[in-house]
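First comes the structure, then the notes that go with it.
Throughout, protein chains are lettered first and strands after them, A, B, ... in sequence-line order, and every chain is numbered starting at 1.
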Amino acid sequence: MQPEPAERIWQVMAMIPKGRVASYGQIAALAGMPRHARLVGRTLRELPRGSRLPWHRVVNASLKISQRPGSGGHLEQRRRLIAEGVEFVGERIPKAYRWDAGA
DNA sequence: GATTTGACCGGAG
DNA sequence: CCTCCGGCCAAAT
């Protein structure tokens, strides 16, 4: 039987290299469900706090953190990314940090 | 069961 | 930078 969609999402997410970021749509596409970016977002929202998955490496297509600015999650994600060497220009992450699957 | 909402996307204007 | 739109899908109202 086919792996559950959420499971494939977790799998793809787990392969994002440290110090790089990927978009929701990108994850969805790599998980074999193009245009299902929203499902990815929902899946991340439901992740337990102690997950070992690099959820912080997932940002929106504009290369900005998608969580509500000012929220704990937003600050947490930003902190973790910076800790990995990812830079921020204002709210935006330079395109150079975008993960190229298969590069 | 219809409507709204949400850690979304891409195109158009 | 902004809004509006159509697509997608699950959970909450």
Side-chain angles (χ1 to χ4, degrees):
Chain A
M1 91 177 229
Q2 296 270 5
E4 211 174 321
E7 207 169 305
R8 297 205 262 165
I9 290 172
W10 296 332
Q11 193 130 22
V12 173
M13 203 176 355
M15 48 191 283
I16 305 173
K18 179 178 149 195
R20 292 290 187 84
V21 294
S23 73
Y24 295 84
Q26 199 180 349
I27 304 277
L30 289 171
M33 10 180 188
R35 291 180 280 300
H36 284 224
R38 242 170 164 149
L39 188 53
V40 175
R42 216 195 81 65
T43 302
L44 259 57
R45 189 63 170 120
E46 300 297 318
L47 275 180
R49 275 246 312 133
S51 179
R52 271 80 74 198
L53 289 172
W55 57 270
H56 54 281
R57 298 185 191 141
V58 184
V59 296
N60 64 31
S62 306
L63 292 184
K64 288 192 269 188
I65 292 176
S66 209
Q67 295 185 86
R68 228 179 64 248
S71 68
H74 180 104
L75 297 172
E76 169 77 3
Q77 182 167 11
R78 181 170 180 136
R79 193 171 58 71
R80 294 178 81 155
L81 286 173
I82 290 176
E84 288 186 354
V86 174
E87 294 180 59
F88 278 83
V89 177
E91 286 297 300
R92 218 148 82 246
I93 296 170
K95 301 153 267 345
Y97 291 96
R98 217 176 164 306
W99 172 42
D100 267 324

TODO: To the nearest Å, give me how far apart CD1 (Ile9(A)) and P (dC8(C)) are.
DONE: 16 Å

TODO: Measure the distance from CD on Glu91(A) to C1' on dA7(B) and round it to the nearest whole Å.
DONE: 14 Å

Open item on the list: Taking salt bridge (Lys or Arg N to Asp or Glu O under 4.0 Å) as the definition, give me every residue that meets it alongside Glu87(A), ordered by chain and number, with sequence neighbours left out.
Closed with: none

Task: With Arg20(A) via salt bridge (Lys or Arg N to Asp or Glu O under 4.0 Å) - residues at least two apart - done: none

Open item on the list: Quick check: closest heavy atoms across Val58(A) and Gln77(A), and the distance to 0.1 Å?
Closed with: O-NE2, 2.9 Å

Open item on the list: Using every non-hydrogen atom in the two residues, find where Tyr97(A) and Gly19(A) come nearest and quote the distance to one decimal.
Closed with: CD2-O, 3.5 Å

Could you list the donor-acceptor pairs under 3.5 angstrom formed by side chains in residues 36-50 of chain A, with sequence neighbours left out?
residue: Arg42(A); atom: NH1; partner: Glu46(A); partner atom: OE2; Å: 3.2
residue: Thr43(A); atom: OG1; partner: Leu39(A); partner atom: O; Å: 2.7

Which value, in whole Å, describes the distance between the [atom1] atoms of nucleotides [N] and [M]?
N: dA7(B); M: dG7(C); atom1: P; result: 23 Å
N: dC5(C); M: dT4(B); atom1: P; result: 14 Å
N: dC4(C); M: dT5(B); atom1: P; result: 15 Å

Open item on the list: Once side-chain hydrogen bond (donor to acceptor under 3.5 Å, both in side chains) is applied, do any residues pair with Arg79(A), and if so which ones, sequence neighbours excluded?
Closed with: Glu76(A)

- [ ] Nearest-nucleotide wise, let me know which of Arg35(A) and Arg92(A) is further upstream toward the 5' end of DNA chain C.
- [x] Arg92(A)

Task: Arg42(A) or Pro34(A), whichever maps to the more 5' nucleotide of DNA chain C - done: Pro34(A)

TODO: Quick one: which residue pairs count as a salt bridge (Lys or Arg N to Asp or Glu O under 4.0 Å) with a foot in residues 89-103 of chain A, not counting sequence neighbours?
DONE: Arg78(A)-Glu91(A)

Task: Qualifying salt bridge (Lys or Arg N to Asp or Glu O under 4.0 Å) pairs, either residue in residues 56-68 of chain A, two or more places apart - done: Arg57(A)-Glu84(A)

Task: N or O in side chain of His36(A) less than 4.0 angstrom from dC9(C) OP1/OP2 - done: yes

For nucleotides 9-13 of chain B, print each protein N/O atom paired with a nucleotide N/O atom at under 3.5 Å, atom names and distance only.
residue: dC9(B); atom: OP1; partner: Ala61(A); partner atom: N; Å: 3.0
residue: dC9(B); atom: OP2; partner: Ala61(A); partner atom: N; Å: 2.9

Task: Selection from dC1(C), dA10(C), dA7(B) that lies nearest to any side-chain heavy atom of Lys64(A) - done: dC1(C)

Task: For Pro69(A), side-chain contact (heavy atoms from CB on, under 4.5 Å) partners two or more places apart - done: His74(A)

Open item on the list: Quick check on contacts: within residues 44-53 of chain A, what sits under 4.0 Å from DNA chain B by heavy-atom distance?
Closed with: Leu44(A), Arg45(A)

